[in-house]
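Everything on this sheet refers to the single structure shown next.
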Amino acid sequence: MAAALRRVDDRADRLHVRLDRPEVRNAIDKAMVGELHEVCAELEARPRILVLSGSERVFASGADIAELRERGRDDALAGINSRLFERIARLPMPVIAAVDGWALGGGAELAYAADFRLAGENARFGNPEVGLGIIAAAGASWRLKELVGETLALEVLLAGRVLDAPEALAAGLVSAVHASSDLVGAADALADRIAEQDPTAVRYTKQVFRAPRAAHPDIDDLAQSVLFESPAKRERMTAFLERKKR
């Protein structure tokens, strides 16, 4: 893996990737985008839990401004970051963002694309794009209101509000706040709990959960019809019944 990302934990059930451009506060440039696409391709072919982290001082400070300044209409229409973050959101297995320090602009949008967000005590979430003459076009303009509600989302998107860790927790943007030194351990503990479940059922549940309202209840019934025929269902239910007898 090239220098923009660091593979820090690679197991049968998970992959932990750290954003690793400390000299530019983990700014997301085209090289990092390319490497994250490679990670997605790997996890689409071999589904595993993905853990994303930065450092205690910064998760990701946003898109690389030097690159962003030079991008034009065609780059915007190509959706360089938006297509990547949507691909991450659609990964078969859950994605956990362990966020400490700054998560700004595209860095915040990367965290919003995850299924779970855990915060370190120094986490800060913000979308300052309008101050730079652009919009938050890689997911924040629609994901954030789904996560925290319209009123707070508009404060972040239009008025430059930055949410610290306690505010993010109160708003439901993150599920827990941990000491910075404990954050990666907490992400691993969450991954452990997910890994204890049946992986096929986890994948189908994520797919059904993310489906549009119009797809229900048909998609629920189709997923359940597959799972009802799976060996894991019989094995796990048999084990449950045998434990009850003891």
Side-chain angles (χ1 to χ4, degrees), residues 1 5-18 36 38-53 85-100 110-120 123 143 146-147 168-169 172-246:
M1 187 174 289
L5 300 178
R6 179 176 298 177
R7 190 182 295 246
V8 297
D9 192 1
D10 190 342
R11 309 187 209 174
D13 61 11
R14 77 197 65 179
L15 174 62
H16 179 178
V17 171
R18 178 180 299 154
L36 284 169
E38 291 175 7
V39 168
C40 288
E42 177 182 341
L43 296 179
E44 288 161 353
R46 181 189 167 202
R48 291 185 285 165
I49 300 162
L50 175 62
V51 178
L52 294 169
S53 68
F85 297 164
E86 181 63 15
R87 189 177 185 183
I88 289 171
R90 291 179 180 272
L91 284 173
M93 291 293 283
V95 179
I96 302 169
V99 179
D100 204 13
L110 174 57
Y112 302 158
D115 300 293
F116 300 93
R117 283 160 298 281
L118 302 179
R143 278 198 179 100
E146 295 176 354
L147 294 170
L169 180 63
L173 181 59
V174 302
S175 56
V177 176
H178 301 274
S180 298
S181 59
D182 297 334
L183 181 60
V184 170
D188 270 331
L190 176 56
D192 288 340
R193 296 200 299 275
I194 297 168
E196 290 174 355
Q197 316 308 315
D198 174 52
T200 305
V202 169
R203 290 176 58 182
Y204 273 80
T205 299
K206 176 174 175 176
Q207 185 177 1
V208 169
F209 186 87
R210 299 297 182 196
R213 179 64 183 86
H216 301 284
D218 292 345
I219 192 172
D220 308 67
D221 296 338
L222 286 169
Q224 195 75 300
S225 72
V226 175
L227 293 169
F228 270 12
E229 299 294 327
S230 70
K233 173 239 185 182
R234 179 165 294 276
E235 292 167 5
R236 285 173 173 263
M237 290 190 178
T238 299
F240 173 81
L241 292 171
E242 289 176 351
R243 286 195 301 270
K244 278 192 72 176
K245 292 178 182 176
R246 294 172 189 168

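Model, not experiment: these values are computed from the prediction.
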Kindly indicate whether the side chain of Glu44, heavy atoms from C-beta on, has any atom under 4.5 Å from the side chain of Arg87.
-> yes

Close side-chain approach of Asp188 and Asp9, heavy atoms under 4.5 Å | yes

First locate atom CD1 of Ile88, then atom CG of Leu110, and finally report the distance between them rounded to the nearest 0.5 Å.
-> 5.0 Å

Taking the side chain as every heavy atom from C-beta outward, state whether Arg117 and Leu173 have any pair of such atoms under 4.5 Å apart.
-> yes

State whether the side chain of Glu42 and the backbone N or O of Glu38 hold a donor-acceptor pair below 3.5 Å, judged by distance alone.
-> no

One should read off an interatomic distance between Thr238 OG1 and Lys233 NZ, to the nearest 0.5 angstrom, of 9.0 Å

Which atom pair, heavy atoms only, marks the closest approach of Val51 to Ala187?
-> CG1-CB, 4.0 Å

So do the side chains of Met93 and Asp115 get within less than 4.5 Å of each other, counting heavy atoms only?
-> no

Heavy-atom closest pair, residues Asp100 and Ser180 = OD2-OG, 2.5 Å

Please check if the side chain of Arg48 supplies one atom and the backbone of Asp10 the other of a donor-acceptor pair under 3.5 Å.
-> no

Taking the side chain as C-beta and beyond, is there a heavy-atom pair between Lys206 and Val95 under 4.5 Å?
-> yes

Would you indicate whether Arg90, at its atom CZ, is surrounded by more than 12 heavy atoms from other residues, nucleotides or ligands within a distance under 6.0 Å?
-> no

For Ala89 against Arg143, the heavy-atom pair lying closest together | CB-NH2, 3.5 Å

For the student: nearest non-hydrogen atoms of Ala223 and Val208, plus distance | CB-CG2, 3.8 Å

Atom CZ of Arg234: over 12 foreign heavy atoms under 6.0 Å | no

Inter-residue atom distance Thr205.OG1 - Gln224.CD, 0.5 Å rounding = 8.5 Å

How many angstroms lie between CD1 in Ile194 and CD1 in Ile49, if you round to the nearest 0.5 Å?
-> 5.0 Å

Do His16 and Ile96 come close enough that some side-chain heavy atom pair is under 4.5 Å?
-> no

Chi angles and distances behind the side chain to side chain contact (heavy atoms under 4.5 Å, CB included) call for Val174, Val99 | CA-CA 9 Å; Val174 302; Val99 179; over 6 Å; no

Just how far is it from atom CG of Leu227 to atom OH of Tyr204, taken to the nearest 0.5 Å?
-> 6.5 Å

Arg7 side chain vs Leu15 backbone, donor-acceptor pair below 3.5 Å | no

Closest non-hydrogen atoms of Leu118 and Ser175, given as atom of the first, atom of the second and distance, are CD2-OG, 3.2 Å

Taking all non-hydrogen atoms of both residues into account, name the closest pair between Ala211 and Ile219 and its distance.
-> CB-CD1, 3.7 Å

